[in-house]
Number of protein chains: 2
Amino acid sequence: MAVSERGPRERMVFSAAQLIRRDGVASTGMREVAAHAGAPRGSLQHYFPGGKEQLVNEAVGWAGRYAGNRVARFLAALPEPTPSGLFAQMVRQWTDEYETSGFAGGCPVAAATVDCAEATVSTREAAAAAFATWTGPVAGALADMGVPEERAGALATLMISTLEGAILIARAERDVRALTTVTRELGPLLDAAVRAD
Amino acid sequence: MAVSERGPRERMVFSAAQLIRRDGVASTGMREVAAHAGAPRGSLQHYFPGGKEQLVNEAVGWAGRYAGNRVARFLAALPEPTPSGLFAQMVRQWTDEYETSGFAGGCPVAAATVDCAEATVSTREAAAAAFATWTGPVAGALADMGVPEERAGALATLMISTLEGAILIARAERDVRALTTVTRELGPLLDAAVRAD
DNA sequence: CGATCGCTATGACCGCTGTCATAGTAGGCG
DNA sequence: CGCCTACTATGACAGCGGTCATAGCGATCG
């Protein structure tokens, strides 16, 4: 992959996110992360003195920033930006992955929430922050499309909620059906919010 | 709780679901399940010769049936059944729990999916089955309300996707905001499907 | 009584996990 | 050269996980 050009620290965070996505937090071992990143095991305690908790939190933060940054790219890919178009792009990223690479992974933020929300406060906070840095750009994009300010945030939450749930169902069923269904059903509602400006 | 009247086997399945909901599958130990159920440790290998995998699968199945059965009760509680009313009830179950008992637990089916989808096929199938036994009654209820057959299933998937995602976000944020938001935003769309019969 | 069967009780085993301790290497810099 | 810092390399450890083996209880039934 192209990321192997980055430093070992960054590679480990990236690998952690990838493994958490697949197996969940608890089932992902530190040694496994190092091996997957092609990094020496000794570097773990050097770069992440806070232990697994720190590594997981950074992986979650990375995932949140990644999702947030994708939004701008999705908008750029749309000939004319519409809420339904943005949502379709967000969902499409997942259907594409599932159809080409299989249903191995879900959302790492969701995995961290499920596994750590009650046990590890800092990770729960990291997950909340990740959702925030994801929701922000989406809400901003909606506002730019003409959605009233206060509804933009609500619709962004709705979009991400629906996407996360559909990812879960798709992964359980090993079928993109849920993903395609929610794009089709939610699109009209999202676009209707623009006309009501 | 009232369930302590049931047999030890059933109690263990119930306890498993409860602990999985809280900490995820991997972080939930067999010994912990037995202790929580007030059941002897030796009974685990007696009632669940298939080991943890069997216990988890049964817990997931139980959760699916539970969710499916709730639908009928939700409908009975509605003066006049509407899609938005049903959805509001489904969400309300979670806001009520979170406001009175805290944000300790999520959906056990979601937890099983995140933790086991890639590692344990039988559990992934159990999760898919659970989603199916949950979606079925919801779709049926929508159809009874006048939603066209083919859209009823799609809307049921949309409702459950959105709910699952909102649960995740609410738990991460320790705030019911996401849950209340999705009810408010999704309600009108759901009711619009009835008028288009 | 004796036997059988459902269930309980424990203890041991092995593998794996996160973490720590300690020692080693490489490279820049005075 | 010597030194210091950044990073790497291993090995050990303590804990916990699921699972198996074996033995014990208790009641029902022949």
Side-chain angles (χ1 to χ4, degrees), chain A residues 4-60 108 111-112 114-116 118-123 126, chain B residues 4-60 108 111-112 114-116 118-123 126:
Chain A
S4 41
E5 292 311 315
R6 293 186 230 275
R9 207 198 117 100
E10 207 165 341
R11 285 209 318 273
M12 284 192 275
V13 172
F14 179 78
S15 288
Q18 209 158 338
L19 293 173
I20 288 170
R21 215 163 95 74
R22 212 199 285 284
D23 302 318
V25 173
S27 305
T28 298
M30 300 283 272
R31 292 164 172 84
E32 195 185 355
V33 171
H36 183 274
R41 213 192 78 192
S43 300
L44 280 171
Q45 84 182 265
H46 183 254
Y47 289 115
F48 306 95
K52 187 176 188 176
E53 186 171 337
Q54 181 186 358
L55 177 59
V56 170
N57 293 357
E58 295 204 21
V60 169
V114 162
D115 268 15
C116 309
E118 189 60 13
T120 318
V121 271
S122 73
T123 303
Chain B
S4 41
E5 291 311 314
R6 294 187 228 276
R9 207 198 118 102
E10 208 167 339
R11 285 208 320 271
M12 284 191 276
V13 173
F14 178 77
S15 288
Q18 210 159 337
L19 293 173
I20 288 169
R21 215 163 94 73
R22 212 199 286 284
D23 302 319
V25 173
S27 305
T28 300
M30 299 284 272
R31 292 164 171 85
E32 195 186 354
V33 171
H36 183 275
R41 214 191 71 188
S43 299
L44 279 171
Q45 84 183 264
H46 183 254
Y47 288 116
F48 307 94
K52 186 176 188 176
E53 186 171 337
Q54 180 185 358
L55 177 58
V56 170
N57 293 356
E58 295 203 21
V60 168
V114 162
D115 268 15
C116 309
E118 190 61 14
T120 318
V121 271
S122 72
T123 303

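Each chain gets a letter, A, B and so on, in the order its sequence line appears, and its residues count up from 1.
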**Prompt:** Between D:dG18, C:dG18, C:dT10, which nucleotide has the shortest distance from any of its atoms to the side chain of A:Arg31?
**Reply:** C:dG18
**Prompt:** Out of C:dT17, C:dT8, D:dT19, which has the shortest distance to the side chain of B:Met30?
**Reply:** D:dT19
**Prompt:** Roughly, in whole Å, what's the span from CZ in B:Phe48 to P in C:dC7?
**Reply:** 12 Å
**Whichever of B:Pro40 and A:Thr28 has its nearest DNA chain C nucleotide further upstream toward 5'** = B:Pro40
**Request:** Provide, to the nearest angstrom, the distance between the OH atom belonging to B:Tyr47 and the C1' atom belonging to D:dG18.
**Result:** 20 Å
**Prompt:** With a 3.5 Å cut-off and no angle check, do the side chains of A:Ser122 and A:Glu53 form a donor-acceptor pair?
**Reply:** yes
**Fill in**
A:Arg9 atom CZ is separated from D:dC7 atom P, nearest whole Å, by 10 Å
**Message:** Rounded to whole Å, please give me the gap between CG in B:Leu44 and C1' in D:dG18.
**Reply:** 10 Å
**Request:** Record whether the side chain of B:Arg41 comes under 3.5 Å of the base of C:dG11 through a donor-acceptor pair of N or O atoms.
**Result:** yes
**Prompt:** How long is the line joining CE of A:Met12 and P of C:dG18, in whole Å?
**Reply:** 14 Å
**Prompt:** Just how far, in rounded Å, is P of D:dG18 from CG of B:Leu19?
**Reply:** 11 Å
**Fill in**
A:Gln45 has its side chain closest, among C:dT8, D:dT10, D:dC7, to D:dT10
**Message:** Any heavy-atom pair between the side chains of B:Val13 and B:Phe48 that's under 4.5 Å?
**Reply:** yes
**Asked** Should the pair A:Arg9-A:Glu58 be classified as a salt bridge under the 4.0 Å nitrogen-to-oxygen rule?
**Response** yes
**Asked** Looking at B:Ser43, does any N or O in its side chain come under 4.0 Å of the phosphate oxygens OP1/OP2 on C:dC7?
**Response** no
**Fill in**
Between CG of B:Asp23 and P of D:dG17 the distance, given in whole Å, is 11 Å
**Complete:** Quick note, A:His46 side chain, CB onward, closest among C:dT8, C:dA12, D:dC7 is D:dC7
**Message:** How long is the straight-line distance from CG of A:Leu44 back to CD of A:Gln54, given to the nearest 0.5 Å?
**Reply:** 10.5 Å
**Fill in**
When rounded to the nearest 0.5 Å, the distance separating CD1 of A:Ile20 from CD of A:Glu32 is 10.0 Å
**Prompt:** To the nearest Å, how far apart are B:Gln54 CD and D:dG18 P?
**Reply:** 15 Å
